[in-house]
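The residues of the chain are indexed from 1 along the displayed sequence.
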Amino acid sequence: MASILAPDALGPTVCVGEILVEIVATTVGNGFLEAQPLVGPFASGAPAIFISQCGRLGGQAAMVGAVGVDDFGRVNTDRLKRDGVDISAISIDPDYPTGSAFVRYRKDGSRDFVYNIATSAAARFGWSGMVADLIDRTGHLHVMGSALSVPSARAVIDKAVDIVKARGGTLSVDPNLRKELKLDEDTERRFAKLVAAADLLLPSGEELERAAGVEGEAEAIQRLFEMGVKEIVLKRGAVGATYFAHQGDRIDAPAFAVQEVDPTGAGDCFGGAYLTCRRLGMSPQQALTYASAAGARNVTVLGPMEGAGTRGELDAFIASTERRP
């Protein structure tokens with residue numbers, strides 16, 4: 001099936017949102033109430049992880065956000081540039097530090113976070129000449145639900161969606177939200193509008209129902225297509241992933257069997273790989289295979305985007321790794 005997404009030749013895939021470093025506790029336990037050995041900083045932020053994978057896979061990619069004048073900022077900009085991402089629209093804030101997240105895993109695999117986003121450079125950027133230049137040549141815009149909690153990101157996204165769509169570009173949305181998360185009325189409206197405008201929706205688990213506003217997988221899929229979504233890829237973690245098309249097509253893809261080291265960023269790498277493959281002209285089946293490989297490979301390495309793979313690395317991974325039954 002031909003992709004419903006704008007081809008890569010139209011212009012880069014662009015993400016707008018938080019850029020931060022992640023610092024991880026090397027011990028397992030609850031929280032940070034006592035001194036912990038730590039490892040990091042790792043380049044992070046869901047939009048940054050996503051766009052890093054796009055660039056590494058060979059698609060045109062660019063990022064809109066902000067970092068501070070500090071080493072943590074350099075960790076991110078250097079990493080994104082090395083991965084082939086256009087960083088011209090990432091602003092450098094002279095007054096606020098780069099955003100950060102300290103993470104500690106519990107025995108059951110859940111995580112405790114200590115974030116600094118709201119009072120960091122990650123939340124301090126807006127529409128600028130460099131951003132306008134980038135959006136004017138953007139082929140595809142990707143939005144993470146987490147960015148809707150950042151006022152500056154919301155303002156840029158609102159303006160960018162209209163411009164990108166008007167020039168024939170496309171939109172993908174990763175809800176990145178949970179049913180328990182209550183948004184204010186204005187953000188709820190904005191989220192619903194983004195979902196309805198999405199050419200591709202990339203939910204994980206219960207985010208499918210959260211985006212549709214109804215319970216039940218089949219009911220949610222039907223409702224989302226009625227809202228205007230063109231293509232849905234449901235990320236099921238270790239169980240695999242499923243592609244749904246408006247015409248009724250469905251493809252189930254099993255996950256790759258790997259030893260998990262760090263699950264952070266797996267869904268973002270999956271989404272970045274799937275989107276890039278579709279924009280490069282691959283079929284849904286091919287894109288699902290690369291996306292599943294990208295997510296699985298990323299969890300085998302400590303750090304939220306340290307396992308993001310190139311086309312060659314993912315080909316080798318696919319050839320050497322078994323699928324789960």
Side-chain angles (χ1 to χ4, degrees), residues 1-10 13 50 53-54 57-59 139-145 164-165 168-176 192-256 266-296 311 314-315 318 321-325:
M1 175 183 290
S3 178
I4 50 83
L5 303 173
D8 196 67
L10 181 65
T13 295
F50 182 99
Q53 180 62 82
C54 291
L57 200 50
H140 181 91
L141 182 69
H142 179 72
V143 177
M144 294 281 187
V164 173
K165 284 281 193 174
T170 45
L171 171 71
S172 57
V173 176
D174 184 330
N176 208 16
K193 183 179 178 181
L194 280 170
V195 169
D199 297 281
L200 170 65
L201 190 69
L202 291 160
S204 296
E206 66 187 17
E207 293 173 355
L208 178 74
E209 298 176 354
R210 177 74 172 78
V214 298
E215 294 185 357
E217 181 176 303
E219 292 78 6
I221 294 292
Q222 180 179 346
R223 175 64 184 132
L224 287 165
F225 285 139
E226 290 172 351
M227 290 169 65
V229 177
K230 305 295 191 304
E231 185 170 305
I232 300 168
V233 176
L234 178 59
K235 296 174 284 183
R236 304 183 189 273
V239 179
T242 305
Y243 160 90
F244 299 93
H246 195 277
Q247 303 91 328
D249 295 340
R250 171 177 176 150
I251 301 171
D252 290 296
F256 287 90
D268 305 321
C269 284
F270 177 103
Y274 181 83
L275 172 69
T276 300
C277 288
R278 292 292 276 148
R279 292 201 70 208
L280 291 173
M282 294 187 198
S283 68
Q285 183 71 68
Q286 288 176 297
L288 276 176
T289 297
Y290 277 109
S292 298
R311 176 78 176 267
L314 294 180
D315 282 337
I318 291 165
T321 310
E322 294 183 355
R323 298 282 194 123
R324 296 185 187 276

* To do: Name all residues meeting the side chain to side chain donor-acceptor pair (under 3.5 Å) criterion together with R323; count only those two or more places apart in sequence or in a different chain, and write none if there are none.
  => T289

* To do: Would you list the pairs meeting salt bridge (Lys or Arg N to Asp or Glu O under 4.0 Å) in which at least one residue belongs to residues 286-295, sequence neighbours left out?
  => none

* To do: Sequence neighbours left out, what passes ring pair (Phe, Tyr, Trp, His ring centres under 6.0 Å) with F244? Give chain and number order.
  => none

* Once you round to the nearest 0.5 Å, how far does CG of L200 lie from CD1 of I232? -> 9.0 Å

* List for me each residue that meets side chain to side chain donor-acceptor pair (under 3.5 Å) alongside Q285, sequence neighbours excluded, and say none if there are none. => none

* **Test side chain to side chain donor-acceptor pair (under 3.5 Å) applied to K165 - qualifying residues, sequence neighbours left out** => D199

* Asked: Of all residues at least two apart in sequence or in a different chain, which pass the side-chain contact (heavy atoms from CB on, under 4.5 Å) check with V164?
  -> I135, T138, L141

* Would you say the side chain of Q222 lies within less than 4.5 Å of the side chain of V214, judging by non-hydrogen atoms? -> no

* Asked: Would a distance-only check, ignoring hydrogens and angles, find a side-chain to backbone donor-acceptor pair under 3.5 Å from T170 to A6?
  -> yes

* Given side chains that start at C-beta, do those of L57 and C277 come closer than 4.5 Å, heavy atoms only? -> yes

* Please list, chain by chain and in numerical order, all residues satisfying ring pair (Phe, Tyr, Trp, His ring centres under 6.0 Å) with F50, sequence neighbours excluded. => H142

* Residues that A198 engages under side-chain contact (heavy atoms from CB on, under 4.5 Å), provided they are two or more places apart -> V173

* Asked: Which pairs count as salt bridge (Lys or Arg N to Asp or Glu O under 4.0 Å) when at least one residue sits in residues 236-246, sequence neighbours excluded?
  -> E217-R236

* To do: If a pair satisfies ring pair (Phe, Tyr, Trp, His ring centres under 6.0 Å) and one of its residues is in residues 195-240, list it, with sequence neighbours excluded.
  => F225-H246

* S292: partners by side chain to side chain donor-acceptor pair (under 3.5 Å), with sequence neighbours left out -> none

* Structure fact -> Rounded to the nearest 0.5 Å, the CG atom of D8 sits from the OG1 atom of T13 at a distance of 6.0 Å

* Pairwise side-chain contact, D268 with M144, heavy-atom cut-off 4.5 Å (strictly under) -> yes

* To do: Could you tell me which residues satisfy salt bridge (charged side-chain N to carboxylate O under 4.0 Å, His left out) with R324, sequence neighbours excluded, listed by chain and number?
  => none

